[in-house]
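See structure below.
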Amino acid sequence: MSDPTSTRDRAAPIGVFDSGLGGLTVVRALSRDLPLEQIVYLGDTARLPYGTKSAATVVRYALQSADVLLRHGIKYLVVACNTASAHALPTLRERLPIPVLGVVEPGARLAAEVTGTGQVGVLGTLGVVASAAYPRAMQQIRPELAVFGQACPLLVPLAEEGWLHHPVTRQVVAHYLAELQAQAGPVETLVLGCTHYPLLRQVISEQAAIVFGGAVRLVDSAEAAAAAAVAELSSRGLLAVERRAPDRFMFSDVSRFTLVAERFLGRPLGTAEHADL
Ligand code: DGL
């Protein structure tokens, strides 16, 4: 991309990718904050979940998704998947000819800004927690912060199943929060470090109040990423000035998910296109 401030570049779409449908929570936040931007979304539904896979595999998948989106002429890439952000961001930034934003840095920055002196908990996939990407990013800003990761692998399938207020989900959330409490003691702030957790926000908030004996502040990395995207596009002169085309949604497997996808996106999805990955 030769001149990043040309009209052609400002009119180009934003690419967003995720391991599957959860990244649509990031699209939801981006669409609200950037209504003039066209979004081209790629969900790697054929290979989900990323949260249980090795860093090397996730980096390989992320590069393949980025390649597909680059072929759609995107001006900016948002990595909506926390696991891919945790493992693949340096490689994507090094190899791609366009700016790349992950969700971990904005989520970590917001958590570091809003939390007081208490402990911070990060809920995420096994991969996100093992990478320690959130604690690292938060401690770069505030070295004194005590940050504890808690892997919650059962929450992704529960959210995909739509069991957002189900008693089983409540019990599973309570179990993970009790594990976090056992290692961290009372936490003041909880980071929702996974694309799927914004859908479980209410249950997480209720159970956190019970387990930790009082209200706990929740930080949503999807919301934080949308705000960071606005700031970066604006500072680079890349904001679209008019809406040129509708959003596009591509998936590496398109079976059985329109209803689930719309739950994450918060509006009708339109046509789901197939993308080879
Ligand atoms: N999108 C993933 C994340 O935010 C959750 C689903 C998965 O494990 O692939 O980490």
Side-chain angles (χ1 to χ4, degrees), residues 15-30 41-66 69 77-89 92 100-108 110-111 121-137 149-164 169 172-173 176 190-201 204 218-226 228 249-253 257 260-261 263-265 277:
V16 180
F17 83 82
D18 178 45
S19 54
L21 304 175
L24 294 169
T25 56
V26 177
V27 174
R28 191 177 189 159
L30 285 170
Y41 182 86
L42 175 57
D44 191 5
T45 38
R47 301 189 294 197
L48 171 119
Y50 284 10
T52 52
K53 298 200 166 67
S54 70
T57 298
V58 173
V59 171
R60 185 160 52 85
Y61 288 177
L63 286 168
Q64 289 168 349
S65 289
L69 289 169
L77 178 66
V78 178
V79 183
C81 178
N82 283 259
T83 309
S85 298
H87 291 316
L89 211 66
L92 289 167
V100 182
L101 178 75
V103 286
V104 170
E105 280 170 20
L110 180 60
V122 178
L123 308 180
T125 62
L126 288 159
V128 162
V129 171
S131 76
Y134 273 102
R136 222 176 17 251
Q150 176 64 45
C152 309
L154 291 174
L155 297 188
V156 166
L158 287 169
E160 298 225 332
E161 214 45 51
W163 286 20
L164 309 183
T169 307
V172 171
V173 168
Y176 288 137
L190 270 179
V191 180
L192 305 181
C194 174
T195 47
H196 288 58
Y197 303 171
L199 265 70
L200 302 171
R201 193 182 176 111
I204 293 172
L218 300 187
V219 169
D220 181 347
S221 54
E223 298 281 334
F249 297 96
M250 302 182 292
F251 300 93
S252 52
D253 183 282
F257 67 79
V260 184
R263 204 178 285 135
F264 283 96
L265 185 62
L277 271 173

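Atoms within a ligand are numbered from 1 in the order they appear, just like the ligands themselves.
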Subject >> Non-hydrogen side-chain atoms of Leu200 and Leu164 separated by less than 4.5 Å >> reply: yes

Dump all N/O pairs between ligand 1 and the protein below 3.5 Å as a table: atom names plus distance, one pair per row.
from, atom 1, to, atom 2, distance (Å)
ligand 1, 1 (N), Asp18, OD1, 2.8
ligand 1, 1 (N), Ser19, OG, 3.1
ligand 1, 1 (N), Thr195, OG1, 2.9
ligand 1, 4 (O), Asn82, N, 3.0
ligand 1, 4 (O), Asn82, ND2, 3.4
ligand 1, 4 (O), Thr195, N, 3.0
ligand 1, 4 (O), Thr195, OG1, 3.2
ligand 1, 8 (O), Tyr50, N, 3.4
ligand 1, 8 (O), Gly51, N, 2.8
ligand 1, 9 (O), Ser19, OG, 2.6
ligand 1, 9 (O), Tyr50, N, 2.7
ligand 1, 10 (O), Thr83, N, 3.0
ligand 1, 10 (O), Thr83, OG1, 2.6

**OP:** Could you check if a side-chain atom of Leu24 sits within less than 4.5 angstrom of a side-chain atom of Val27, using non-hydrogen atoms only?
**Re:** yes

Original post:
When you measure from the side chain of Arg47 to the backbone N and O of Ser252, does any donor-acceptor pair fall under 3.5 Å?
Top reply: no

**OP:** Decide yes or no for Leu110 and Glu223: does some side-chain heavy atom of the first lie under 4.5 Å from some side-chain heavy atom of the second?
**Re:** no

Could you pull out every donor-acceptor pair under 3.5 Å between side chains of residues 79-89 and any protein atom, sequence neighbours left out?
from, atom 1, to, atom 2, distance (Å)
Asn82, OD1, Tyr134, OH, 2.5
Thr83, OG1, Thr125, OG1, 2.9
Ser85, OG, Val79, O, 3.2
Ser85, OG, Cys81, O, 2.8
Ser85, OG, Val103, N, 3.1

Subject >> Check: Leu21 and Phe251 side chains under 4.5 Å, non-hydrogen atoms >> reply: yes

